[in-house]
Undergrad: 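Can you read through this structure? Questions will come right after.
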Amino acid sequence: LARLFNEVELKTLEDKNRPLILAGWSTGGLLVTRILQAPMFFIRPSRPIQAALLFTPGVSVYKIVGKNGYVTEDTLTSNPNVPHLSPPKPTTPFAHPVFAGYLLFNSYLAQAQPMPSNVPVLTFVADYKLDVYANSQGIVDWVNHQRREHQAPISAVYCHGGKHELDNEIEPIAQDVRNISAQFLMSVMAKSNSTQKEKASNNCVAF
């Protein structure tokens, strides 16, 4: 996945002066985290990484996910009109034990290794009781640890009532996620690492 990202980044590059910002959801969020923590093992981008967006990243995950180990749309989001092209695949991580093992291993490494002190990161956390894929409390603990022990510039937004697929949740949650993400990106473009000024509804709150 990291090599694929590197190929896409190099082949679509139009302007080396344009900031390179990584974004990832779930396993993709874990991938972005590991790229930031150990870039020499993953990619050699054409320009420095300026910022990152992590949507319910797999830095802390449950061993049994979804509904008794199976991935279903209703466990991912409450949105009845979720814009999926097809049902989620694979239906269970047990069908891909090697991939699942790598995910758990890199989740452990993400917990143990520091995030960079010069790359602002915005992390979205789903409802503690409703995300049955990423462990929301574990993500919050990880964010606080990175802030406290490594002075990493990580901001976090907790979305009450949101399941794992926050960007495709019911409104106003999904709109909050999109608005806060846009504000964060604009702050990065303006070289202002401040996410505490972001405004949203009562569902998604920065902490």
Side-chain angles (χ1 to χ4, degrees), residues 1 5 19 21-33 50-62 64-93 103 120-144 147 153-190 192-207:
L1 290 173
F5 156 76
I21 299 170
L22 305 185
W25 167 64
S26 193
T27 302
L30 174 61
L31 175 63
V32 170
T33 299
Q50 298 293 323
L53 282 161
L54 308 177
F55 301 93
T56 57
V59 296
S60 181
V61 295
Y62 295 111
I64 304 297
V65 299
K67 186 179 293 183
N68 299 320
Y70 286 87
V71 182
T72 62
E73 284 191 345
D74 64 298
T75 58
L76 288 170
T77 174
S78 301
N79 187 348
N81 300 307
V82 62
H84 291 165
L85 295 178
S86 62
K89 293 181 181 180
T91 56
T92 174
L103 190 152
V121 176
L122 179 59
T123 304
F124 286 92
V125 184
D127 194 294
Y128 292 110
K129 296 180 180 180
L130 298 179
D131 193 337
V132 292
Y133 294 89
N135 184 333
S136 295
Q137 184 60 63
I139 297 174
V140 170
D141 293 342
W142 174 75
V143 168
N144 289 331
R147 285 172 170 172
I154 298 183
S155 298
V157 173
Y158 175 74
C159 293
H160 176 73
K163 293 183 180 180
H164 188 57
E165 197 173 337
L166 284 175
D167 56 321
N168 282 327
E169 257 295 357
I170 55 175
E171 302 300 349
I173 297 173
Q175 189 61 53
D176 280 351
V177 171
R178 291 190 289 270
N179 288 343
I180 295 171
S181 297
Q183 292 171 27
F184 172 74
L185 295 176
M186 287 188 290
S187 74
V188 170
M189 297 292 286
S192 171
N193 180 27
S194 174
T195 59
Q196 298 303 318
K197 297 179 182 178
E198 292 153 1
K199 296 180 179 179
S201 74
N202 292 328
N203 291 89
C204 293
V205 181
F207 68 92

Undergrad: Looking only at heavy atoms, which two atoms of Pro172 and Asn203 are closest? And how far apart?
TA: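 That closest heavy-atom pairing would be CG-OD1, 3.2 Å.
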Undergrad: Testing the basics here: between Leu30 and Leu103, what is the closest heavy-atom pair and its distance to 0.1 Å?
TA: CD2-O, 3.6 Å
Undergrad: State, to 0.1 Å, how close Ile64 and Gly69 come at their nearest heavy-atom pair, and which atoms those are.
TA: CG2-N, 3.7 Å
Undergrad: For Thr75, check side-chain hydrogen bond (donor to acceptor under 3.5 Å, both in side chains) against everything at least two apart and list the hits.
TA: Thr72, Tyr133
Undergrad: Keeping the roles fixed (side chain from Trp25, backbone from Leu166), state whether a donor-acceptor pair exists under 3.5 Å.
TA: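 Between the backbone of Leu166 and the side chain of Trp25 there is no qualifying donor-acceptor contact (under 3.5 Å).
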Undergrad: Restricting to side-chain contact (heavy atoms from CB on, under 4.5 Å), what partner residues turn up for Ala23, sequence neighbours left out?
TA: Leu53, Phe55
Undergrad: Find the distance between OG1 (Thr77) and CD1 (Ile170) and round it off to the nearest 0.5 Å.
TA: 7.5 Å
Undergrad: Which residues pass the side-chain contact (heavy atoms from CB on, under 4.5 Å) test with Val125, sequence neighbours left out?
TA: Thr123, Ser136, Ile139, Val140, Tyr158
Undergrad: Please report the shortest heavy-atom distance between Ala126 and Gly162, naming the atom on each side.
TA: CB-O, 3.3 Å
Undergrad: Can you give me the closest heavy-atom contact between Ala52 and Val32, atom names plus distance?
TA: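 For Ala52 versus Val32, the nearest heavy atoms are CB-CG1, 3.8 Å.
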Undergrad: Could you work out, with side-chain hydrogen bond (donor to acceptor under 3.5 Å, both in side chains) as the rule, every residue matching Asp127, not counting sequence neighbours?
TA: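 Here the qualifying residues are His160.
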Undergrad: Testing the 3.5 Å rule here: is there a donor-acceptor pair between the side chains of Gln137 and Asp141?
TA: yes
Undergrad: Nearest 0.5 Å, what's the SG-CD1 distance between Cys159 and Ile180?
TA: 6.0 Å
Undergrad: Could you grab the distance from atom OG of Ser60 to atom CG of Asp131, nearest 0.5 Å is fine?
TA: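 Spacing of OG (Ser60) from CG (Asp131) equals 10.0 Å.
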Undergrad: Which heavy atom of Val188 sits nearest to which heavy atom of Ala51, and what is that distance?
TA: CG2-CB, 3.6 Å
Undergrad: With salt bridge (charged side-chain N to carboxylate O under 4.0 Å, His left out) as the rule and sequence neighbours excluded, what pairs involving residues 162-174 come up?
TA: Glu171-Arg178
Undergrad: Going from OG on Ser181 to CZ on Phe124, what distance comes out if it is rounded to the nearest 0.5 angstrom?
TA: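 The CZ atom of Phe124 is 3.5 Å from OG of Ser181, to the nearest 0.5 Å.
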Undergrad: Under the salt bridge (charged side-chain N to carboxylate O under 4.0 Å, His left out) rule, what pairs show up with a residue in residues 73-83, not counting sequence neighbours?
TA: Lys67-Asp74
Undergrad: Output the distance between atom CH2 (Trp142) and atom CZ (Arg147), rounded to the nearest 0.5 Å.
TA: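 Reported to 0.5 Å precision, the distance equals 10.5 Å.
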Undergrad: Taking Asn79 for the side chain and Asn168 for the main chain, is one N or O donor matched with an acceptor at less than 3.5 Å?
TA: yes
Undergrad: Under the ring pair (Phe, Tyr, Trp, His ring centres under 6.0 Å) rule, collect the residues that match up with Tyr70, sequence neighbours excluded.
TA: none
